[in-house]
There are 2 protein chains.
Amino acid sequence: MKDVAREAGVSVGTVSNYINGKKVRPVVAKSIEQAIKKLNYVVNNTARLLKNNCSPFVIFVVPTVWSPYFSELTFWIQKKLNSLGYKMILCISENDYKLEKDYVKMAEEQRAAGIISVSYSNLTTHIRSDIPFVSIEKESTGIFPLVTSDNYSGGSLAAKELQLRNVKRYYFIGTTNQDSVSMIARRSGFMDYCHNNGLMADVLTVASSRKISQFRKDIDKIVKKLLSENNLGDIGVFTHTDEIAIVLLNELRMKGIRVPEDIQIIGFDGWKITEEDSLNISSIRQPVDMIAEYAVKQLDEEIRYSDNFEIRRINLPVSFIPGITTNNDVRR
Amino acid sequence: MKDVAREAGVSVGTVSNYINGKKVRPVVAKSIEQAIKKLNYVVNNTARLLKNNCSPFVIFVVPTVWSPYFSELTFWIQKKLNSLGYKMILCISENDYKLEKDYVKMAEEQRAAGIISVSYSNLTTHIRSDIPFVSIEKESTGIFPLVTSDNYSGGSLAAKELQLRNVKRYYFIGTTNQDSVSMIARRSGFMDYCHNNGLMADVLTVASSRKISQFRKDIDKIVKKLLSENNLGDIGVFTHTDEIAIVLLNELRMKGIRVPEDIQIIGFDGWKITEEDSLNISSIRQPVDMIAEYAVKQLDEEIRYSDNFEIRRINLPVSFIPGITTNNDVRR
DNA sequence: ATGAAAGCGCTAACAC
DNA sequence: GTGTTAGCGCTTTCAT
């Protein structure tokens, strides 16, 4: 910048003014412009940050991007952040608490503008409370905002849709991990609806899909159980996630069981594998774009009015997406 | 830091030394440590960067993350970057040249360590050549390294696998966009193999999947054409991407055509929707983890030996993954 | 081993 | 409008 100033025959202050859109004389503007071009000058943003103490970076901490739900969420978060002038630093935590903490530390060291996190650990208990923070899905410790979809209603909705489809025996399949707030809410919504309506319902569990061999073994066991205990055509299954639904579906098909004629399945998430194509299993769809929008909006507020912003608990509505795993020839 | 120094009764230089692991007297170390804890001090990395002029950030520019291939690639890039101590800034370009240029500008302003880009535009012609850069998939202008998978061999391999499965009529389906280097290579590999082996082959085109309604219309037209011109059982289709293969598959199934009995399909990419689950269509699989590894390794070299590194063209081998869209009861 | 001080590139307050 | 200058928080000589 000093070089540019010398080349243009003005002072650094004037160059700074020019760069930041302040008023300079047209003549001066032109000569600065030429100097910049000639010297191939690019402003040094680290210096600017050091001075202004305000960063454009928002840290997005997410367990993985390699999954339709999270990659869609990442897409929307980035999009909404960009529209407000922020840049996203993507941090994949792999559900590793240590990694998450490292990322938060990095955020602090970089003096990042804020953090948006989908964390399944107790990350929030360890945040320096003066860095703006928004949690997605996982309940945080009360001093941070939360954006989530309405898991409980999603569970109820799944049960109701199965009921509409003449299911007699209801099953919920979740993972053995009892810490998942979202799973508990989905399960409760489902089971409560069943109980309140006199429907026969059970909870089944499988290992986390990250332990893939055990996971498949568990699914296999469940399939055997379902088939031995019930009449085909009576069974309706609601799974904690689409991932479970898919493996279950494949397993059933391999055994020659027809879906949806013999067993109906509703997943959760409404996975779309790209912006255009969805897996067409029936599912309770999360409003991913809205989740991103509210999370970013909330964070932005927090950043801009850090002294006086509202800590919100935002609970977004889900919807049922009919697919090939339910009989969709129903009248309401 | 000044505060810490005062609190600990030493000079800032000593604090700096302590933080950077230089030798200080144990007594001093302890008092600094206490001061840091007491004042809740976190180093300011922007200042450090300004001084050292070396950033941990690598910009990863990618058209989208919302697609199994790109989300897998993003996952691996992040993983490999982290293992070498870099942080990833994710930039989603949406195939928008303007956005891509903005991202490069940002990289320069941040004095980022480097850029890895999957770009389908001529981004590389506009890079200040002094920022380390690696291109994935798209041929760059010669002064930058390139990592890609062997698209040409992939095309040949697809043809060969279809030939093994007694296909008589060969079709390639690609998009109308003729700029895609990868598509041209895949197509050429396929067509060359067919011509060299006396196989009847044709090229068909569809609109980009981003123009979704036209895309589906084109697929529909193609299906009609395939069915009218050939005997069921003779037909083998190789698609430019798995995405096309999936839409085609759904369309065929809706029309009651059996896959693979009536028509066999091989896609390209080997989409895995999560680390555990794949779409099980037959496909030519890109070695995504290797692509990421080589790209990062190359970039790292470029960063560390900027004066003297080798500009490589890395071409990685692909493989055939049998799935449900080909008859896999073959002997070789 | 430690302290003093220069300076990284920028912005903003102030004087003209 | 423009020039001058202090200072953001750190690292790094250079003395001591």
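In what follows, every chain begins at residue 1, and chains take the letters A, B, ... in the order their sequences are listed.
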### Query
Which value, rounded to the nearest 0.5 Å, describes the distance between B:Asn45 atom CG and B:Lys87 atom NZ?
9.5 Å

Please list each protein N or O that sits under 3.5 Å from an N or O in nucleotides 8-10 of chain C, with the distance.
| unit_1 | atom_1 | unit_2 | atom_2 | d |
| --- | --- | --- | --- | --- |
| C:dC10 | OP1 | A:Tyr41 | OH | 2.4 |
| C:dC10 | OP1 | A:Asn44 | N | 2.9 |
| C:dC10 | OP2 | A:Met1 | N | 3.2 |
| C:dC10 | OP2 | A:Tyr41 | OH | 3.3 |

#### Entry: Spacing between B:Leu49 atom CG and D:dC10 atom C1', to the nearest angstrom
10 Å

### Query
Atom CD1 of B:Ile32 and atom P of C:dA1: how far apart are they, to the nearest Å?
13 Å

### A:Phe60 CZ to A:Thr74 OG1 distance, which is reported to the nearest 0.5 Å
4.5 Å

Atom pairs under 3.5 Å: protein N/O with N/O of nucleotides 2-4 of chain C:
| unit_1 | atom_1 | unit_2 | atom_2 | d |
| --- | --- | --- | --- | --- |
| C:dT2 | OP1 | B:Arg25 | NH1 | 2.8 |
| C:dT2 | OP2 | B:Arg25 | N | 3.0 |
| C:dG3 | OP2 | B:Ser11 | N | 2.7 |
| C:dG3 | OP2 | B:Ser11 | OG | 3.0 |
| C:dG3 | OP2 | B:Thr14 | OG1 | 2.4 |

### Task
Quick one: pull up CG in A:Asn53 and OG1 in B:Thr46 and give me the separation to the nearest 0.5 Å.
7.0 Å

### Query
If you round to the nearest 0.5 Å, how far is OG of B:Ser209 from CD of A:Glu275?
9.5 Å

### Task
Measure the shortest side-chain to side-chain distance between B:Gln110 and B:Ile59 over non-hydrogen atoms and say whether it is less than 4.5 angstrom.
no

### Query
Roughly how many Å is it from NZ in B:Lys22 to C1' in C:dA1, rounded to a whole number?
12 Å

### Query
Are a donor atom and an acceptor atom from the side chains of A:Thr14 and A:Ser11 found within less than 3.5 Å of each other?
yes

### Query
Going by an N to O cut-off under 4.0 Å, is there a salt bridge joining A:Asp3 and A:Arg6?
yes

### Summary
From OH of B:Tyr18 across to P of D:dT11 the rounded distance in Å is 14 Å

### Summary
Heavy-atom closest pair (B:Ile77 atom, B:Ala295 atom, distance to 0.1 Å) is CD1-CB, 4.4 Å

